[in-house]
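One structure is given below, encoded as structure tokens.
Start at 1 with the first residue, then count along the sequence.
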Amino acid sequence: FIKVPVGWAALHPDEPVPKALRLHRCLYGLKQSGRHWHARLTSYFTEQLHLTRSPYDECVFYLSQDGALQLIVAIYVDDVLTTGPSAPASNSFWEKMNQEFSIKCDGPATWLLSVSIERPRDGIRMHQRAYVEQVLDRFQASSSAPTKTPLPAGLVLPPVTEENRAPKRGCCGTESARSRSGPVNC
């Protein structure tokens, strides 16, 4: 809850203490905070940094110069991820962000939206191994043997018993979400 600011009564001696106060800035943790933060970032990216918002995803912005892509910026809540062929464009972006906002740069991304990002010598590798292992543990399937899909035609499966029954609730949606994102190797 919020209290009337110190000094308010001295500035307004004839007015009663208000029952409601209007905030000029959004407070962290309120329902509308994310929407206000996204609007603030979008405004700053498009008006000050001259980034273009992607027509396909409102959380992705890009910078092109002479028809060549220089920088891609993705935002997710309060995380900002940049990539692109131009190191100077990326460095300039982060310098300007640091001037406008109080930011903390954690260096190259290693984890984003349940996707692990690794950088071996031969490129970039992205996978969801930890997420898949977590799902297998949650549904007591971590000891099951992997198999290729689709299964051979005519395969007869053993009947389901109480001992080999797996919990179904939530499992199907979890797997379909993982399979839509799929593995990515660069």
Test item: V77 and W37 side chains (from C-beta on) under 4.5 Å apart, heavy atoms: no
[X] and [Y]: same hydrophobic cluster, using ILVMFWY side-chain contacts below 4.5 Å?
X    : Y    : result
L63  : L49  : yes
F45  : I103 : yes
I124 : L113 : yes
F101 : V80  : yes
Y44  : Y76  : no

Donor-acceptor pair, side chain of S43 and main chain of A39, under 3.5 angstrom: no
Check: E118 main-chain N/O paired with R125 side-chain donor or acceptor under 3.5 Å: no
In Å and rounded to the nearest 0.5 Å, what is the [atom1] to [atom2] distance from [X] to [Y]?
X    : Y    : atom1 : atom2 : answer
M126 : R119 : CE    : CZ    : 9.0 Å
D57  : I75  : CG    : CD1   : 9.0 Å
S54  : Y62  : OG    : OH    : 7.0 Å
S64  : Q70  : OG    : CD    : 7.5 Å

Closest approach of [X] and [Y], non-hydrogen atoms and distance?
X    : Y    : answer
E47  : H50  : O-CE1, 3.4 Å
A130 : W111 : CB-CH2, 3.7 Å
L69  : P85  : O-CG, 3.2 Å

H36: partners by ring pair (Phe, Tyr, Trp, His ring centres under 6.0 Å), with sequence neighbours left out: none
N/O donor to acceptor pairs below 3.5 angstrom from side-chain atoms of residues 87-99, sequence neighbours left out:
| from | atom 1 | to | atom 2 | distance (Å) |
| --- | --- | --- | --- | --- |
| N91 | ND2 | A87 | O | 3.4 |
| W94 | NE1 | T82 | OG1 | 3.1 |

Candidate pair F61 and T42, rule side chain to side chain contact (heavy atoms under 4.5 Å, CB included), full reasoning: CA-CA 9 Å; F61 300 81; T42 299; 3.7 Å; yes
